[in-house]
Amino acid sequence: MEKILSVENLHVSFYSDGGEIAAVRGVSFDVNKGETLAIVGESGSGKSVTAKTLMKLLPKQNSIIKQGDVKYGGKNLVQLTNRDMEKLRGSEISMVFQDPMTSLNPTMTIGKQVMEGLKRHRTMSKKTAYTRTVELLELVGIPDPGERINQYPHQFSGGMRQRVVIAMALACNPKMLIADEPTTALDVTIQAQILELMKELQKKFQTAIILITHDLGVVANMAQRVAVMYAGEIMESGTLDEIFYQPKHPYTWGLLSSMPKLHADRSLPLTPIPGTPPDLSHLPEGCPFAPRCQYALKVCHQYEPGKTKVSTTHTVSCWLEDERAPKVKKPEGIGGMQRGRQSKIAGS
Amino acid sequence: MRNYFLSRLGYMLVTLLIIVTATFFFMQLLPGTPFNNPEKLTEQQLLSLNEKYGLDKPIALQYFIYLGNLLQFDLGLSFQYEGRTVESIIGSRIGPSALIGLQAVVFGTAAGLLLGMISALKHNSFLDYTSVFIAVLGMSVPSFVFAALMQYYLGVKLQWLPAALWRGWEYTIMPSLALSVMVIATVARFIRTEMLEVLGQDYVVTARAKGLTEKAVIVKHVVRNALIPVVTMLGPLTVGIMTGTLVIEKIFAVPGLGEQFTLSIMVNDYSVIMGITLFYSSLFILVVMIVDILYGVLDPRISLKGEG
């Protein structure tokens, strides 16, 4: 498999009146051509910051990449000048945002907004750009594209707007697409349509996708590999099957068991993970998840665990994986689910 | 669209009627008479003058006569200037006011936009603080202070510009500058706030994510959207300034409408007071409507249909 992007030991911090907020702390992962990597985690786990860092779209005034490399096509994006980064954005790496209601310019026709990227990165006549835009709109399933191209965002529904955003992102056939919670703001039936569309287009153009989400149903439906983030770190990463069937980290267990299940007893409440994510400006010592972890050992509160390789694709950061640790059995009901059911959750 | 204009027109007329009525009756509270040296007039003379101008009739009747004349676009005769119509007085005075006003608005808007945009783009920098300071100064210090300072330093001490009067274009510079201070401050503050707001919008991130150059992002996405609300504010501001400002015209002895207005109020020239008030309000209402139409052109989300 061809590796097209690799992130190594990335640290990103924000500065506010309350001091430094370490939003991303030592994140590493690779993305291969044509595959989907899902980054999952709660709100505030640093997944969106990671995504925006790859595009270097974080506000310059108060954020800084403290350490680490983002390697893409022989270049280190962290060191790229703004001008060189502009050339890459939209042509090689694109992004789809969370809320289609706010991510389009309300005073510009959608045609113009799609064409902008094309004109910036490809030399083509106005007429070709126009025809290509109509094609793109058709490709993402917008009916009557020749008519709709001259309309404004407010004349589109949420799902249609997200299709426009996807058309914009794919305008220049990028090698990589970063989708930051692309379906969170949409209602469930539309979610399924948008995910289908993304899968279909991915197959067609061999685009690699980094999918940022907190919805495990979406993950099961879309991803080949999964990275679980918590408090700015990747706690566990592996293939879809490894994360869903042989999860090793108590946080992953918590995520999986807090997910609603199709055939579970409806009278029982969902199982939440107790507590709240830590304050990133005052992180506890040791493992950031330890205060909420029911399996936490003494060592968890003092030292951060190292990375343990469970298989060539499966890595976990947890003291339970240490050979000196007591053997803990993962709770029941996790990892027993069948793939088919998970897809149903995503599409339901 | 046609319905929209018709209903707007209806509202405009109602507004004007309210203004006319209010001004007419409030004016009755002004002490004194519109005649020169009333203390030297005998009882008999006063009565016959009142009769001549129709002031002996009941107030209500006077009001309806005025409305009747108004419907025929007749604003009446001035009390102060024998035999001159109110229309001709406004006509002869509006020129200078409009000229210095227009210059002040054009210059003030350009300078204000520049100042405010720099401020927003260099948010929280020294430049930003400086321009905010200038804006606050311009808003809070009354324009006649600047006018007096300018008159003294530029006009009297340095003698770069004529200190007052109205004898050519160079005489318009200082009054225009003095008026523009407020425009600069208002526009700068407004566009700064709007730009900062738009800069934080998701669609600006989208534009950057497309790989557009920073310049293209600012010009096509940020400024375009930040300007829309500025237009609303600029309309009424323009009317206010172009129809003359009482104090500035007084200080620089500009023969403008504002100066005439103050004069007419002093001597109880009823018909001129009514006329100028009506003129100001009509212009104001008209500009507000133009702004609304412009808004519809600039912002596709607003469509002009149904009732206003």
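Side-chain atoms are counted along with the backbone in the values below, which use heavy atoms only and exclude waters and symmetry mates. Sequence lines set the chain letters: A, B, ... in the order given, protein chains first and strands last, and positions in each chain run from 1.
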Original post:
Does OH belonging to Y15(A) count more than 12 external heavy atoms closer than 6.0 Å?
Top reply: yes
**OP:** Flag yes if more than 12 heavy atoms outside K199(A) fall under 6.0 Å of its NZ atom; otherwise flag no.
**Re:** yes
Subject >> Flag if over 12 foreign heavy atoms under 6.0 Å of CD, E147(A) >> reply: no
Original post:
What residue, out of K119(A), K112(A), M95(A), M108(A), has the most heavy-atom pairs lying under 4.5 Å from chain B?
Top reply: M108(A)
**OP:** Could you please state which residues from residues 180-211 of chain B sit under 4.5 angstrom from chain A, measuring non-hydrogen atom to non-hydrogen atom, sorted by number, or 'none'?
**Re:** D202(B), Y203(B), V205(B), T206(B), R208(B), A209(B), K210(B), G211(B)
**OP:** Mind listing the closest non-hydrogen atom pair of P106(A) and P300(B) along with its distance?
**Re:** O-CG, 3.4 Å
Subject >> Within 6.0 Å of CZ in F284(B), more than 12 heavy atoms from elsewhere >> reply: no
Original post:
Where on Q61(A) is there a heavy atom nearer than 4.5 Å to chain B: the side chain, the backbone, both, or neither?
Top reply: neither
**OP:** Side chain from CB out, backbone as N, CA, C, O: work out which of these in T107(A) comes under 4.5 Å of a heavy atom of chain B, or both, or neither.
**Re:** both
Original post:
Partners of R93(B) by salt bridge (charged side-chain N to carboxylate O under 4.0 Å, His left out), sequence neighbours excluded?
Top reply: E259(B)
**OP:** For F97(A), enumerate each residue passing the ring-ring contact (aromatic ring centres under 6.0 Å, His included) test, keeping only those at least two apart in sequence or located in another chain.
**Re:** none
**OP:** Check whether any side-chain heavy atom of L212(B) sits under 4.5 Å from a side-chain heavy atom of R89(A), and report yes or no.
**Re:** no
**OP:** Using a heavy-atom cutoff of under 4.5 Å, enumerate the residues of residues 217-225 of chain B that contact chain A, numbered in order, or state 'none'.
**Re:** K220(B), H221(B), R224(B), N225(B)
**OP:** Check R301(B) against H154(A) and note the closest heavy-atom contact, atom names and distance.
**Re:** CG-ND1, 3.4 Å
